[in-house]
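Encoded as structure tokens, the structure appears first; notes follow it.
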Amino acid sequence: MPQVTLTVNGKTSTVEVEGRTLLVELLREKLGLTGTHVGCDTSQCGACVVHVDGNSVKSCTMLAVQADGSSVTTIEGLAKADGTLHPMQEMFREHHALQCGFCTPGMVMAAVDLVAKNPQGLSEEQIRHGLEGNLCRCTGYHNIVKAIDAAQPLMHAK
Amino acid sequence: MNAPFEGIGASVRRKEDLRFISGRGNYTDDINRPNQTYAVFRRSDRPHANIVSIDTSAAKSAPGVVAVYTAEDLAAIGGLPCGWQIHSKDGSPMAEPKHPVLAEGKVRHVGDPIAVVIAETKQQARDAAELIEIDLKDLPATATVTDALKSGAAQIHDNAPGNVCYDWHIGDKEATEAAFAKAAKIVKLDLENNRLVPNAMEPRVAIGDYDRHTSDYTLFTTSQNPHVIRLLMGAFVLGLPEHKLRVVAPDVGGGFGSKIYHYAEEATVTWAAGKLGRPVKWTADRTESFMSDAHGRDHVSTAEMALDAQGNFLALRVNTLANMGAYLSTFAPAVPTYLYATLLAGTYRTPVIYAEVKAVFTNTVPVDAYRGAGRPEATFLLERLVDTICHDTGFDPVAIRLQNFIPKDAFPYQTPVALQYDSGDYFTTMEVAMKNADYAGFPARKAAAAAKGKLRGIGISTYLEACGIAPSAVVGSLGARAGLYEVANIRVHPTGSVSVFTGTHSHGQGHETTLAQLVTSQLGVPFSQVEIVHGDTNRIPFGMGTYGSRSLAVGGTAMVKAMDKIIAKGKKIAAHLLEASVDDIEFADGSFKVAGTDRAKSLSEIALTAYVPHNYPITEIEPGLDETAFYDPANFTFPGGCHVCEVEIDPETGVTSIVNFTAVDDVGRVINPMIVEGQVQGGVAQGIGQALLEHAVYDSNAQLLSGSFMDYTMPRADNLTNISVATENTLCTHNPLGVKGCGEVGAIGSPPAVMNAVISALKDYGVRHMNMPASPEKIWGIINAGRKAAE
Ligand code: FES
Ligand code: FES
């Protein structure tokens, strides 16, 4: 079986996987990082979004072997080591941008990347467009959009 | 600094969010049991066929396979029970064909499970499932109610002749006929309510576990009502007594009705865990969710209103065919009857109503309650009918509604279809909604849109829903096989913190916050010192779960009753400690006080005394401060409101954009406004999804065409807009909190508002009615045909 070495949330691990093992399966089943969720089997929902080498990736569409040598951040690794939440996490809570919480890890990870890549700032319409790859069945997106908008100045101020 | 107010009425930020935003949620698929195996189901890819043979030998000898089971192996267990029995017009009970856990002799819909493979890994189970050889002999299949009722249609069940489950009616037929005979005008509308797939983002998961030391079973499952699953599965399917079966529903990623029901996979993994002496885990792929989670809606109806010359509603006549799918899901028979036809008065004082409902089996996934359940179908029918009346007669949609609303002073109001509304004010919700939506400014906005080549429309809908489900005696007389009360156990710990064990279940509603606010308000215990426990039959005495917007109205009231008992006992203890008469003790803000003095004991002092009873009236009262209450509601609760939708259609593409959506909902007293607003926004989004995007489509051979997120259009962030939400608060008169419920209002009120807006935008194209979803193809077709005709 192939071996994969990757750094997840700052910790390096070497894991044996099958060739067909997906990155999300490695994270959830081999590393016990169950914060990353699986909501579909057609790469449509975004519940599985993580950051691979600083870019948001649907971890259900990437093979574990493709992540060999990469640095991965999951929702569990977003807050600071001392537990201080990332501003995006703070704003999701402040603006009630989650209900059942199942889409939330993917939504937060996608939103962090979206805002980080757009330091010039995003309009509401651009935020909505940027969330196209993430489904939420609970909130109607209204509060998610509000939370992301509110996180923009906080993230860029840092 | 004053502590922030965290009681009733405060938008307290949610307790549960901290774990969800940090990836520390505990969803069922996050649970793994030592020595666990994995189950994969082999499902039918045919809609209707006889099973000629099943050969599992290759699968059984495949690597890692622990067991392969088919219906034969499950012969000793029962079928999946139905929780509701409807009687037909002629008094006969509904046809109730067996719903086998694994298909017996025949498959009846695409997705019907035939066999299960249990293996060491999920991949091995998946690979082996492919190796099962199944010989199926196809039978003719039907997907729609109209096809299934045709003479000569294929019989889906031997004991449901003509594919009819029941043929039921409600209301006064003769009086309705008489009113129609005298009517100045009759308006008739044929309409369909599109079939939907609930699609909670978390797919269903079930893990069966068996303890060989105690012979106890545990089922971890994505359920909205673990006690109901324990009852149904334990008593009817597996024959396990309640004390040997524990059902745990931990964090659940959305339900919307689809996780109420007892499903075949739950029974299979629990049974197999006992058989194998090892845990068995099953996690649905989304593809499986599409073909195995109960679907919603799917009605075909004819509605007719009789009016006098002034536009007063004289009588309503409705005929509905409701698709049950291939088997009866847990609550399916109740949806098109007691959750639908009893709602046909809506917000109007229509004096007589007669409705006939025929429930029909088809070769499709079972249909059951989905957010709103029956009430969105009733609201869509009524509110489209009212706008169609305006289309046909020239009455104004606002004026005709105001004219026919149940007057404010008519409550309690007895409808002609069984329900008695306790309170409501439809005039105010409509007035506020029109103001918030700037209804008066619409013509100017329409003109501005027209100048840009866009078609604008505005639509109103008003609704009334019955929730807070439900008074047991009433639903019992209507065919429910269970009572629908709720249970709360309140435990004040020795140092004054509080645990609440509630029979309701949160799968996004925020109970850990809202219910804690109740305790903060009633007992004066700081919000941070209150813990809400739900979702485990071993920790909670009993409960019926969460659906039908019942958690606060029924479960919250049970909590109030239990807290009343805590206070009553606390008073006795305080009277002893303060050497006063019980009658002189008052309780407020967490402290027991001798009236008119400053002598007082805090709740935590009383709790400590109750658990360390050194100085205690031990001959009069027991130690401890732990009380349970069962509460059965006196009536349903009746939220109502008005939604206004404004759309813009691009005639070049047929794409409809929601430009404004305004909801004003009377949900009774609001505990946490932030959460209520979120519930309404989420409900509205699902309603907009139904109106514009979503449709579970079967082809004429009953193959499911929209079986993934690629073909089933879920609302995404850029399909929606901001949703303006306001509440009105006429209080429910029969529960102590005055609450009515808010979980479903959004999905009930919004679809007709959207469709009325779309049809108003297409006014110049002569559109009288359009079934949902109002897809770009449909709209573009209409516009293009109109243009061609004009050329
Ligand atoms: S799980 Fe749905 S996109 Fe990855
Ligand atoms: S919060 Fe439930 S799916 Fe988004």
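Convention: sequence-line order gives letters A, B, ...; per-chain numbering from 1.
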Next item on the list: Inspect the contact between B/Arg126 and A/Asp41 and indicate whether a charged nitrogen and a carboxylate oxygen are less than 4.0 angstrom apart.
Entry: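 Between B/Arg126 and A/Asp41 there is no salt bridge, as every charged N stays at least 4.0 Å from the carboxylate O atoms.
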Notebook entry, point to check: With the threshold set at 4.0 Å, does a side-chain nitrogen-carboxylate oxygen contact exist between B/Arg19 and A/Glu76?
Noted result: no
Check: Non-hydrogen atoms of chain B under 4.5 Å away: do they reach the side chain of A/Glu125, the backbone, both or neither?
Finding: neither
Specify which of [options] makes the most heavy-atom pairs with chain B at under 4.5 Å.
options	answer
A/Arg20, A/Glu132, A/Glu124	A/Arg20
A/Thr104, A/Ile144, A/Thr139, A/Leu78	A/Thr139
A/Ala47, A/Cys100, A/Gly35	A/Cys100

Give me the atom names and distance for the closest heavy-atom approach of [X] to [Y].
X	Y	answer
A/Arg128	B/Thr721	NH2-C, 3.3 Å
A/Gln99	B/Gly678	NE2-O, 2.9 Å
A/Cys45	B/Met201	CB-CE, 3.6 Å
B/Phe256	A/Cys138	CZ-SG, 3.7 Å

Distance, nearest 0.5 Å, that separates [atom1] of [X] from [atom2] of [Y]:
X	Y	atom1	atom2	value
A/Glu90	B/Arg13	CD	CZ	11.5 Å
B/Arg286	A/Thr42	CZ	OG1	9.0 Å
A/Gln126	B/Asp718	CD	CG	12.5 Å
B/Arg14	A/His96	CZ	NE2	5.5 Å

Can you tell me which portion of [X] sits under 4.5 Å from chain A's heavy atoms? Options are side chain, backbone, both or neither.
X	value
B/Tyr27	side chain
B/Gln679	both
B/Asp29	both
B/Val252	backbone
B/Ile688	neither

Minimum side-chain heavy-atom gap [X]-[Y] below 4.5 Å:
X	Y	result
A/Ile75	B/Arg24	no
B/Ser22	A/Leu85	yes
B/Arg716	A/Gln44	yes
B/Gln123	A/Glu18	yes
B/Ile21	A/Leu98	yes

So which residue, [options], ends up with the most heavy-atom pairs under 4.5 Å with chain A?
options	result
B/Lys122, B/Met714, B/Arg371, B/His507	B/Met714
B/Gly683, B/Ala284, B/Pro198	B/Pro198
B/Val680, B/Val684, B/Asp251, B/Leu18	B/Leu18
B/Ala685, B/Ser11, B/Gly253	B/Gly253

Notebook entry, point to check: Will you find, in the side chains of A/Arg28 and B/Asn32, an N or O donor that is under 3.5 Å from an N or O acceptor?
Noted result: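 Short answer, no.
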Would a distance-only check, ignoring hydrogens and angles, find a side-chain to backbone donor-acceptor pair under 3.5 Å from [X] to [Y]?
X	Y	answer
A/Tyr141	B/Asn719	no
A/His142	B/Ile723	yes
A/Arg137	B/Ala200	no

Item checked: Stepwise side-chain hydrogen bond (donor to acceptor under 3.5 Å, both in side chains) test for A/Gln89 and B/Asp17 -> CA-CA 9 Å; A/Gln89 291 170 307; B/Asp17 286 0; over 6 Å; no
